[in-house]
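To keep things clear, I will list the structure first and then write my remarks on it.
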Amino acid sequence: MTLNLFGDRTEPEREELADGAVILRGFASRDDAGLMDALESVTAMAPFRHMVTPGGYRMSVAMTNCGSLGWVTDRTGYRYDSIDPESGRRWPPMPPSFMELAESAAAEAGFAGFQPDACLINRYEPGAKLSLHQDKNEQDYSQPIVSVSLGLPAVFLFGGMNRTDKTRRVEVRHGDVVVWGGPARLRYHGVMPLKEGHHPVLGGYRVNITFRRAG
Ligand code: MD6
Ligand code: FE
């Protein structure tokens, strides 16, 4: 444990989760007001919705997208699509503040030149969770993923290359950014059911924004 001048617990700004995965603590806090404005403009055009898995289950996490490709699931499977199935139109463009954050976080983690074309936005309410999964719908696994946590804290589960491998639990909080690539790219991961709480910026929710090069 590290103590600061006041005897409080401090955390390193950068924590290695595994080879190829790093948490940049508070990296997105500096411009959280700008991110919230951009988030509202996206969700005004493409509202959060609960998608259905190929197995027929309604996801507890509500989702939307921006950028040229959006991640969708329905009874026919998971895929990236340039069209929002709810509106029949393209997803809203990726706001410049989103793009800049993704690029600078990736560079900070050692992935210079990251140019995301897909941005998936997940909204968790208390009890919502994401089961262990691998991110495998993208074309090029050499590209990293940049994941931004906003609002209520959550426990991120971080496993290995097989579903049954032991998982590590890490708390992700408002403003934390996880960059995930290289040898970690196909690790299983998930999110534990969200606990109730109140966050000054997002109230009773957690929002996670993940940036990918999908196409
Ligand atoms: C979430 N994140 O934190 C869900 N995937 O709400 C993910 O599934 C994820 O954070 C790949 C890389 C980073 C992530
Ligand atoms: Fe994922």
Side-chain angles (χ1 to χ4, degrees), residues 15-25 27-28 35 39 43 48-51 53 59-67 69-73 78-80 98 101-102 105-106 108-111 114 116-163 165 167-195 197 199 202 204-214:
E15 288 168 38
E16 298 285 332
L17 277 177
D19 194 14
V22 64
I23 304 193
L24 307 173
R25 293 285 184 196
F27 192 88
L35 292 177
L39 182 65
T43 57
F48 284 112
R49 76 291 304 265
H50 292 270
M51 299 187 199
T53 65
M59 294 189 76
S60 60
V61 178
M63 297 179 168
T64 187
N65 292 276
C66 61
L69 290 171
W71 187 86
V72 292
T73 174
Y78 308 120
R79 66 184 178 280
Y80 282 96
F98 277 25
L101 172 63
E108 180 73 26
F111 298 96
F114 178 53
D117 57 8
C119 173
L120 170 65
I121 307 170
N122 292 160
R123 187 187 67 189
Y124 294 73
E125 59 190 33
K129 66 177 173 71
L130 203 59
S131 310
L132 278 183
H133 67 277
Q134 289 173 296
D135 289 19
K136 295 210 296 193
N137 296 115
E138 301 76 26
Q139 304 279 345
D140 179 2
Y141 298 149
S142 75
Q143 295 289 319
I145 297 173
V146 172
S147 164
V148 179
S149 291
L150 295 171
L152 288 176
V155 178
F156 193 62
L157 294 172
F158 186 72
M161 300 300 285
N162 298 296
R163 189 184 294 279
D165 289 349
T167 58
R168 204 179 135 177
R169 292 161 180 237
V170 263
E171 191 173 58
V172 282
R173 307 182 199 98
H174 183 76
D176 291 350
V177 178
V178 181
V179 182
W180 177 297
R185 183 62 180 71
L186 290 175
R187 278 182 182 255
Y188 275 89
H189 57 281
V191 179
M192 295 281 286
L194 193 79
K195 290 209 181 112
H199 187 273
L202 269 162
Y205 294 100
R206 168 178 187 254
V207 168
N208 176 259
I209 309 177
T210 50
F211 297 93
R212 299 176 170 83
R213 182 90 202 170

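Note: hydrogens, waters and symmetry copies are ignored here, and every other heavy atom, side chains too, is used. Numbering of ligands and ligand atoms starts at 1, following listing order.
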Which residue pairs satisfy the side chain to side chain donor-acceptor pair (under 3.5 Å) criterion with at least one member in residues 144-153, sequence neighbours excluded? S147-N208, S149-R206
Any sub-3.5 Å donor-acceptor pair from E15's side-chain atoms to I23's backbone N or O? no
Under 3.5 Å donor-acceptor, H189 side chain and R187 backbone: yes
Name whichever N, O or S atom of D135 ends up nearest to the Fe ion (ligand 2). OD1
By ring-ring contact (aromatic ring centres under 6.0 Å, His included), which residues pair with Y141, not counting sequence neighbours? none
Going by atom type alone, with no hydrogens or angles, which donor-acceptor pairs under 3.5 Å involve a side-chain atom of residues 117-132 and a protein atom two or more places apart or on another chain?
| from | atom 1 | to | atom 2 | distance (Å) |
| --- | --- | --- | --- | --- |
| D117 | OD1 | A214 | N | 2.7 |
| D117 | OD2 | G215 | N | 3.0 |

Between ligand 1 and the protein, which N/O pairs fall short of 3.5 Å?
| from | atom 1 | to | atom 2 | distance (Å) |
| --- | --- | --- | --- | --- |
| ligand 1 | 3 (O) | R206 | NH1 | 3.4 |
| ligand 1 | 3 (O) | R206 | NH2 | 3.1 |
| ligand 1 | 3 (O) | N208 | ND2 | 3.3 |
| ligand 1 | 5 (N) | D135 | OD2 | 3.0 |
| ligand 1 | 5 (N) | H189 | NE2 | 2.7 |
| ligand 1 | 6 (O) | Y124 | OH | 2.4 |
| ligand 1 | 6 (O) | R206 | NH1 | 2.9 |
| ligand 1 | 6 (O) | N208 | OD1 | 3.4 |
| ligand 1 | 8 (O) | H133 | NE2 | 3.1 |
| ligand 1 | 8 (O) | H189 | NE2 | 3.2 |
| ligand 1 | 10 (O) | S147 | OG | 2.7 |

Please round to the nearest 0.5 Å and tell me the distance separating atom CZ of R79 and atom CG of N137. 10.5 Å
